Amino acid sequence: MWESDAGLLLRVDKDKMPRHVAIIMDGNGRWANGRGLIRSAGHTAGVKTLKNILKTAVNLKLESLTVYAFSTENWKRPLSEVDFLMHLFSDYLRREMLEMHQNNVRIKFLGRTEDFSPALQNLIRQSVALMKDNTGVKFNIAADYGGRDEIVRAAQKLARRVQNGELAPENISEELFDDALDTGGQPPVDLLIRTSGDLRVSNFLLWQAAYAEFWFTDTPWPAFTPEEFVDALVAFGKRNRRFGALN
Ligand code: FPP
């Protein structure tokens, strides 16, 4: 077990834990600008936050944690920032994959990733292969990810099966569609956290978050702490989830 604050973990009622938490890690740039730093310093600080939140998720035995690292729209940022983020992802995997593996984390990447550099794609393949048999937290990194793009790719997969004669169109069910998504086999998102004040979903896990509870904070991602993560989990435990039915 990664070192952690036992008192903090005790605040969470295990029976009211979400199975799948997704996080929009927003506000790196604003955090840096507010300190007179360049935006990349915010992304570097954001990696530290991510490490701390993953540790907490491991210690709480969360089933799935999904983080939004790079959207299909993020390619529109200046080349220097895109390059910086790509190096940051590579460094992160190189430095952290062994420790993640020792903590029984199973890493997965959601999104396209084929436009990443061959070196980064190699690290992605290596880290996935290293952790493929692990049984702890399913840690999904959404990279070159868009929710609509994921849904279109899932539809294409199913269409190919129909074309091959393996599947009849009327047999396409919600379950089959869910399985064809990048998160296939994982539970739907129970809790979606967004940092840094904006109140939108930004094309993240559109299908999986159909019944998610939302939790927003003004704290920018680099300043987000395990304490605040636990605040979100405790708040989730108090929500009355009806899934469209009556109490
Ligand atoms: C949003 O902040 C953040 C991103 C687009 C990148 C997220 C990346 C990290 C947190 C780095 C760590 C990730 C991994 C997987 C190692 P923003 O740049 O949009 O901030 P702003 O809205 O204040 O400009």
Side-chain angles (χ1 to χ4, degrees), residues 21-58 64-101 105-113 115-117 119-128 130-131 137-147 149 182 192-205 216-226 228-229:
V21 178
I23 309 182
I24 300 178
M25 309 181 289
D26 198 15
N28 292 347
R30 278 165 285 171
W31 177 89
N33 288 339
R35 277 164 184 69
L37 302 170
I38 52 171
R39 291 178 56 81
S40 53
H43 296 314
T44 304
V47 176
K48 287 201 186 124
T49 304
L50 180 58
K51 278 181 65 175
N52 289 333
I53 298 306
L54 177 61
K55 276 184 200 176
T56 310
V58 165
S64 291
L65 175 70
T66 303
V67 296
Y68 208 177
F70 194 85
S71 73
T72 45
E73 289 74 34
N74 285 152
W75 292 110
K76 294 181 212 150
R77 293 193 177 193
L79 187 60
S80 56
E81 183 166 341
V82 171
D83 273 351
F84 185 86
L85 282 167
M86 296 301 143
H87 282 107
L88 203 63
F89 298 156
S90 298
D91 281 355
Y92 174 71
L93 291 177
R94 220 177 276 119
R95 261 188 317 199
E96 301 295 325
M97 71 165 107
L98 202 57
E99 202 179 3
M100 284 187 215
H101 178 49
V105 170
R106 200 188 80 188
I107 203 167
K108 189 174 168 67
F109 286 80
L110 315 181
R112 295 180 162 264
T113 64
D115 289 332
F116 292 158
S117 71
L120 178 52
Q121 289 187 49
N122 242 332
L123 277 163
I124 289 176
R125 272 194 295 272
Q126 237 181 294
S127 58
V128 170
L130 176 70
M131 291 179 245
V137 176
K138 296 179 182 80
F139 177 42
N140 306 304
I141 299 182
D144 199 3
Y145 175 87
D149 179 66
D182 297 345
L192 195 146
I193 296 173
R194 181 173 189 140
T195 60
S196 212
D198 286 326
L199 308 179
R200 52 177 173 260
V201 76
S202 299
N203 201 16
F204 191 39
L205 302 172
F216 296 103
T217 174
D218 287 337
T219 306
W221 178 249
F224 189 72
T225 58
E228 212 174 350
F229 183 53

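Just so you know, these numbers come straight off a predicted model, no measurement behind them. Residues: numbered from 1 along the sequence shown. Atom set for the values below is all heavy atoms of this structure, side chains included, hydrogens, waters and symmetry mates excluded. As the structure lists them, so they are numbered: ligands from 1, and atoms in each ligand from 1.
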(message) Whether the side chain of Asp83 engages the backbone of Ser80 through a donor-acceptor N/O pair (distance < 3.5 Å, no angle test) should be reported.
(response) no
(request) Measure from the side-chain N and O atoms of Asp182 to the backbone N and O of Gly111, and report whether any donor-acceptor pair falls under 3.5 Å. (result) yes
(message) Using heavy-atom distances only, which candidate in Glu81, Arg77, Glu96 approaches atom 19 (O) of ligand 1 most closely?
(response) Arg77
(message) Please check: side-chain N/O of Ser127 versus main-chain N/O of Met97, any donor-acceptor pairing under 3.5 Å?
(response) no
(request) Give the atoms of ligand 1, by number and element, whose distance to some non-hydrogen atom of Ala69 is under 4.0 Å. (result) 6 (C), 7 (C), 8 (C), 15 (C)
(request) Check whether any side-chain N or O of Ser202 sits under 3.5 Å from a backbone N or O of Phe204 as a donor-acceptor pair, and report yes or no. (result) no
(message) Below 3.5 Å, N or O to N or O, backbone or side chain included: is there any such pair between Leu85 and ligand 1?
(response) no
(message) Using 30° and 60° as the class boundaries, would you call the ring planes of Phe70 and Phe116 parallel, tilted or perpendicular?
(response) perpendicular
(request) Say whether, by atom type as modelled, one donor and one acceptor occur between the side chain of Arg194 and the main chain of Arg200 under 3.5 angstrom. (result) yes
(request) Mark up the atoms of ligand 1 that fall under 4.0 Å of a heavy atom belonging to Trp221, in ascending order. (result) 10 (C)
(request) Tell me which one of Asn74, Thr49, Ile24 gets a heavy atom nearest to atom 5 (C) of ligand 1. (result) Asn74
(message) Under 4.0 Å from a heavy atom of Phe89: which atoms of ligand 1 are those, numbered in the order shown and with their elements?
(response) 13 (C), 14 (C), 15 (C), 16 (C)
(request) Compare Arg30, Met25, Arg39 and give the one whose heavy atom is closest to atom 1 (C) of ligand 1. (result) Met25
(request) May I ask you to identify the nearest protein heavy atom to atom 10 (C) of ligand 1, giving residue, atom name and distance to one decimal place in Å? (result) Asn28 ND2, 3.4 Å
(request) Quick one: look up the protein heavy atom nearest atom 20 (O) of ligand 1 and list residue, atom name and how far away it is. (result) Gly29 N, 3.0 Å
(request) Could you list which atoms of ligand 1 come closer than 4.0 Å to a heavy atom of Leu50? (result) 13 (C), 14 (C), 15 (C)
(message) So for atom NE2, which belongs to His101, do other residues, nucleotides or ligands contribute more than 12 heavy atoms lying within a distance under 6.0 Å?
(response) yes
